[in-house]
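Computed from heavy atoms alone, side chains included, the values below leave out hydrogens, waters and symmetry copies. Values in this document were obtained by computation on a predicted structure and should not be read as measured data. Residues take their numbers from the sequence shown, with the count starting at 1.
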Amino acid sequence: MSETIPQNLAQDLSLQLPQKCEPEQVDALLHTLGVQSIELSERIQRVHDGSGGLGDLEAAQQICEILQSTTTTVPIPGIVNIVLALDSVLQDLLERQALPDASQAALLIAACDCLEQMYDALQGLGAPPGTAPSHAADVLQRLRDWERYNPITGEDAIGDAAHDRLLDLAGQHSNLAARLGVLLNHYQPQVRQWQAPLYGLDPDTDRHSQILDGLFESLYRLQQRYRRLNQATEQALYGLTAQPLARLESVLQEALQAGINQFGKQAELVIHSGDIRIDSGLLIALQAPLIDLINNALEHSIEMESERLAADKPVVGRVVLRASHHGSTLLLRCEDDGQGLAVDALREAGSGLSQVRKQIKALRGWLHIDNQVAQGCAIELRLPLRRIAAKLLLVPSGETVYGIHDRGLLDIIPPGGGQLHGDRGALRYRFQGEEYPARLLENLLNLPPTAATAEERTALLFHDHDDQRHIVLVETPHDTSERIVQPVGRFMPKSPGLIGVSQLSDEPFIPVLDLTLLLGQGDDTADASLPGSARVLLVDDSRSVLRSVTQILESAALTVNTAGDGQEALVAIDQALPDIALIDLEMPRMNGLELIRHLRSQPKTQALPIIVITARGTPEQIREAETLGIHAWLTKPVSHSELLQNVYNALDSA
């Protein structure tokens, strides 16, 4: 990539061809891109000159759909991202039946110019060949910012920080409404108990009692109105970034048609997405893995026409994509009516699905394969949704009630629903023909044992971030409820698995746990609690990486300080020595290796645990980093569990 393109957009604007693509597919893409980009420019130019109208915008939007369908077979990141952003902008204009103003039309022209220059670069005509134009980063960023533009006021809509702050305030308001209900429920019975002996004894007392009753009734009504108003506010805030999942349907149907042409099979795609809306960033990120799942079904499971006829199946195969909400989790299930995957086919498909698994893990999600030979294959994706309220299972343990987040929760099995065997240190749980390792909740959290026996407990079936199944045995849950989760304060006691606090009706706050942060890490995880003072220095010049990795680390109750390059990191270390440093390699001013060399040369940082997190690295860089003494080398995107496990290991060894 050109050095003028910022690091955080370099990958999005890459013109690198995918490894698995046929020359004829590349030729088809170049032909379509060459013809359609000229037509697109002419349509936008007419609008810019004032001689065109909404019909030209509609034609331009249709061209974007053609280009999207073409790039499903040869997904070149730079082309895909410019086209997706341009398509979103054109849809916005068409939905409002509005023409762009002069500056907006100029941006659309610049986007068309980018596509034409990218076409030239792919033909080897760029300077240097194969790189995106230098202004592509600015164009892509401005197209992405378009959705934040308020066409009524002419002002920029709220940014990420302000949006997150408003979500936090909405959550606090919900907690206040719940607390108001708690107080009303607490005091009204006491007031009525005090009033009861006085009724009929004195007219003034009766009148005062009626006034108090009226006051409580008014407060109840106000509390309900406040709750409804705040729920509407939460929904509106979520709607600022939410997009209908159905927007992917046309792209996925085009991907199916491309796969039919490639593999010579007949199939139809049925999509059940309902009215599900998800964050726009997640919507874009899901496009590539869903296309890969459709291609996997066509290539490995759906049979040829003759084979389907011999098996007494319809000639046209069927691929079904189902989407549903399960608490704060989005479940996507891609299933087919093919032959399923035999051992050899499963091994071949696995090499392609590994990339899907990697993409889903980068989104803090899970992938599970449910393969039935001769009956078809189903692949499930589970992804956490950005929610204001989280679904919590309220579970007692001793004298404390915990909120167990439903992330990764597959089933709640009542006492006696499965067979438990083994001792308390090595329990196994058999349920519906499968056997799972089992843990008592207090053992997982390193808490004193409770009086409840293992056989009397409810079993919670979880899967961790590597899709391994586990059973956690808990005392009988009190309830399941949607509640606001607030992050723990900087100076509160912290431990792995604790992600925040929430408010109940009978006590001010309860700790909220994400058990997927603890499961799958061995029996010693709970005993190796990190000290509350554990401080992480995260060094990376990408704001998106800083934001996403910080969220993962803070969810595990670690204190995070960030720096944009090596020089900023040295200033931060002088101010406060961290317990561990996570360092990117490619940064301006002082890069990662230069920073590591400097830290190893200073007495106070010679033994500082260091983990390298980078998108790429040469064998020479890896060898030098290992020689300097790093604890781990992680490649972006790094999974949630992999990152935390390496941080825990490095801190334990320090």
Side-chain angles (χ1 to χ4, degrees), residues 7-8 160-161 164-165 168 486-501 511 514 517 525 528-614 624-626 628-634 636 638 640 642-654:
Q7 181 69 25
N8 62 322
D160 286 342
D164 291 343
R165 176 59 177 158
D168 179 62
Q486 295 181 350
V488 295
R490 180 180 293 270
F491 302 105
M492 290 182 64
K494 302 173 183 179
S495 64
L498 178 66
I499 60 172
V501 294
D514 181 350
L517 299 175
T525 301
S529 299
L530 297 180
S533 59
R535 298 179 301 274
V536 180
L537 176 61
L538 176 60
V539 190
D540 200 301
D541 62 333
S542 168
R543 292 184 179 180
S544 61
V545 170
L546 291 177
R547 182 167 58 249
S548 61
V549 175
T550 296
Q551 289 175 350
I552 294 174
L553 296 172
E554 289 184 342
S555 73
L558 295 165
T559 299
V560 183
N561 193 15
T562 61
D565 58 33
Q567 291 187 15
E568 288 184 15
L570 293 179
V571 174
I573 290 172
D574 286 340
Q575 295 173 349
L577 184 65
D579 297 302
I580 186 172
L582 278 56
I583 300 175
D584 183 28
L585 285 189
E586 299 179 1
M587 298 180 294
R589 298 200 296 179
M590 178 184 284
N591 64 37
L593 285 176
E594 292 170 339
L595 173 60
I596 296 171
R597 282 195 293 267
H598 180 85
L599 295 177
R600 290 296 181 246
S601 70
Q602 302 300 311
K604 71 175 183 177
T605 55
Q606 277 183 344
L608 177 68
I610 294 175
I611 294 176
V612 170
I613 306 179
T614 183
E624 181 175 0
E626 291 175 344
L628 290 170
I630 63 170
H631 283 73
W633 178 290
L634 305 180
K636 299 176 185 175
V638 60
H640 190 287
E642 181 185 17
L643 174 64
L644 290 180
Q645 187 62 63
N646 278 279
V647 170
Y648 294 161
N649 291 341
L651 287 170
D652 287 342
S653 65

Legend entry - Exercise: identify the closest heavy-atom pair between Gly592 and Ile583: CA-CG2, 3.8 Å
Legend entry - Residues forming a side chain to side chain contact (heavy atoms under 4.5 Å, CB included) with Leu546, sequence neighbours excluded: Leu538, Asp540, Thr562
Inset, instruction - Report yes if the side chains of Asn561 and Gln575 come closer than 4.5 Å at any heavy-atom pair, otherwise no. - result: no
Legend entry - Flag side-chain contact, heavy atom, 4.5 Å: Asp574 against Lys604: yes
Legend entry - Value rounded to 0.5 Å, distance of NE2 in His631 from CG in Asn646: 10.5 Å
Legend entry - Side-chain donor/acceptor of Arg535 to backbone N/O of Val560, under 3.5 Å: no
Legend entry - Given Ile610, Leu577, Ile596, the one that forms side-chain contact (heavy atoms from CB on, under 4.5 Å) with Thr605: Leu577
Legend entry - Closest non-hydrogen atom pair between Pro578 and Leu608, with its separation: O-CD1, 3.3 Å
Legend entry - Test item: Leu599 and Ile573 side chains (from C-beta on) under 4.5 Å apart, heavy atoms: yes
Please list every donor-acceptor pair under 3.5 Å in which a side-chain atom of residues 564-571 meets a protein atom from a residue at least two apart or in another chain.
| unit_1 | atom_1 | unit_2 | atom_2 | d |
| --- | --- | --- | --- | --- |
| Asp565 | OD1 | Gln567 | N | 3.1 |
| Asp565 | OD1 | Glu568 | N | 2.9 |
| Asp565 | OD1 | Arg589 | NH2 | 3.3 |
| Asp565 | OD2 | Arg589 | NE | 2.8 |
| Asp565 | OD2 | Arg589 | NH2 | 3.1 |
| Gln567 | OE1 | Arg589 | NH1 | 3.4 |
| Glu568 | OE1 | Gly564 | N | 2.7 |

Legend entry - Sole residue of Leu643, Val539, Asp584 in side-chain contact (heavy atoms from CB on, under 4.5 Å) with Ile613: Leu643
Legend entry - Student check: side-chain heavy atoms of Arg597 and Glu624 closer than 4.5 Å: yes
